[in-house]
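See below for the structure under consideration.
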Amino acid sequence: MLLSSVAIAIHAIAAMVWVGGMFFAYTVLRPSLGAFEPQHRLMLWRDVFSRFFVWVWIAVIALPLSGYVLVFFYFDGFGSAGMHIHIMHLLGLVMIGLFLLLYFGPYPGFRDGVAAKDWPRAAKHLNSIRRIVGINTIIGLVTVVVGASGRLWS
Ligand code: HEM
C-alpha cells in the first residue's frame, strides 16, 4: 500500500512536470519570443532545453518505473489491469520513443549549430524539435486524460 502510494505520487508528479513543461514551452514561451532577434531566441532555447531535458530524463525514467510498480504490486500484473493501463502504457512508450528521437536526433545538431553560431542550421533543427514536442504534448495530454479518468470507464 505504501509502495503503491509513493509510486502513484511519483507517477502523477512526473507526468505533470513533463507534460506541463511541454505545454508551457509550446503554447506560452514560443509565441512570446516573436520580438527577439533570431540568435537570441535560439540561445534562449538552448538554455531552456538544457535545463528542461534534465527533468524530462527524470520523468522518462520515473514514469515507466512507477507505472510498472503500480501494475505489478497494485494490479497484480497486466492481465488484471484495465484497458486504460494498456492504452497508457502504449502511449507512454510512444512518448518516450519520441523524446529519445528528439534527444539523439535534432537536439545535438541544434546545440552544435548554436555553439558554432550557425543560426540557419540551429533554426532548422529547432523546427524539428518543435514539431516533435508539439506531437508529444498532444499525446501527453491524451495520456493524462486516459490515466486519470480510466478507472471510471475501463
Ligand atoms: C510508461 C508506462 C506507464 C505505465 C505502465 C503506467 C501505469 C499507470 C497505472 C497502473 C496507473 C494507475 C491507474 C489506476 O489507478 O487506475 C497510472 C495512473 C496515471 N498515469 Fe500512468 N503509466 C505509464 C505512463 C504514463 C504517462 C507517460 C503518463 C502521462 C504523460 C501517465 C499519466 C498517468 C496519470 C495522470 C495517472 C493518474 C494518476 C492519479 O490517479 O492521480 N502515465 N499509470
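Both ligands and their constituent atoms are indexed starting at 1 by order of listing. Because the structure is predicted, anything quoted here is derived from the model rather than measured.
- Inter-residue side-chain proximity for Arg30 and Arg130 is flagged as met; some heavy-atom pair is nearer than 4.5 Å.
- Atom 35 (C) of ligand 1 has Val144 O, 3.8 Å as its closest protein atom, hydrogens excluded (heavy atom only).
- Here the protein heavy atom with the shortest distance to atom 28 (C) of ligand 1 is Thr143 CG2, 3.5 Å.
- For ligand 1 and His89, the ligand atoms under 4.0 Å from any heavy atom of the residue are 2 (C).
- Nearest protein heavy-atom neighbour of atom 41 (O) of ligand 1: Ala12 CB, 4.3 Å.
- The contact set between ligand 1 and Leu70, taken as ligand atoms under 4.0 Å from a residue heavy atom, comprises 9 (C), 10 (C), 11 (C).
- A 4.5 Å side-chain heavy-atom check between Phe73 and Tyr68 finds every atom pair outside the cut-off.
- Ligand-side atoms of ligand 1 in range of Arg151: 14 (C), 15 (O), 16 (O), range being under 4.0 angstrom from any heavy atom.
- For residue His11, an N/O/S atom approaches atom 21 (Fe) of ligand 1 to within less than 2.8 Å.
- Remark: ligand 1 atoms within the under-4.0 Å shell around heavy atoms of Gly92 are 27 (C).
- No side-chain heavy atom of Leu44 sits less than 4.5 Å from a side-chain heavy atom of Phe36.
- Linking Ile, Leu, Val, Met, Phe, Trp and Tyr residues whenever their side-chain heavy atoms come within less than 4.5 Å places Val144 and Val28 in a single cluster.
- Here the protein heavy atom with the shortest distance to atom 37 (C) of ligand 1 is Gly147 O, 3.4 Å.
- If you number the atoms of ligand 1 from 1 as listed, the ones under 4.0 Å from a heavy atom of His84 come out as 13 (C), 14 (C), 16 (O).
- For the pair Met88 and His11, the minimum side-chain heavy-atom distance is below 4.5 Å.
- Among protein heavy atoms, the minimum distance from atom 13 (C) of ligand 1 is reached at Ile85 CD1, 3.5 Å.
- Within the 3.5 Å criterion, the main-chain N or O of Met1 finds no donor-acceptor partner in the side chain of Ser4.
- Atoms of ligand 1 found under 4.0 Å from any heavy atom of Val19, numbered from 1 in the order shown, are 30 (C).
- Relative orientation of the Phe49 and Phe53 rings is parallel, given thresholds of 30° and 60° on the angle between their planes.
- Protein heavy atom at the shortest distance from atom 29 (C) of ligand 1 is Ala15 CB, 3.6 Å.
- Under a 4.0 Å heavy-atom criterion, Ala148 is in contact with ligand 1.
- The nearest heavy-atom contact from the protein to atom 4 (C) of ligand 1 is Gly67 CA, 3.8 Å.
- Aromatic ring orientation, Tyr103 versus Trp57: perpendicular (interplanar angle above 60°, classes split at 30° and 60°).
- Between Arg131 and Asn127, some side-chain heavy-atom pair lies under the 4.5 Å cut-off.
- Contacts between Phe75 and ligand 1, counted as non-hydrogen atom pairs separated by less than 4.0 Å, involve the side chain only.
- For residue Met88, an N/O/S atom approaches atom 21 (Fe) of ligand 1 to within less than 2.8 Å.
- Under a hydrophobic clustering in which Ile, Leu, Val, Met, Phe, Trp and Tyr are joined whenever their side-chain heavy atoms come within less than 4.5 Å, directly or via other members, Val17 and Phe99 fall into different clusters.
- The side chain to side chain contact (heavy atoms under 4.5 Å, CB included) with Trp18 is formed by just one residue from the set Thr137, Thr143, Ile96; it is Ile96.
- In this structure, atom 40 (O) of ligand 1 lies nearest to the protein heavy atom Ile8 CD1, 4.0 Å.
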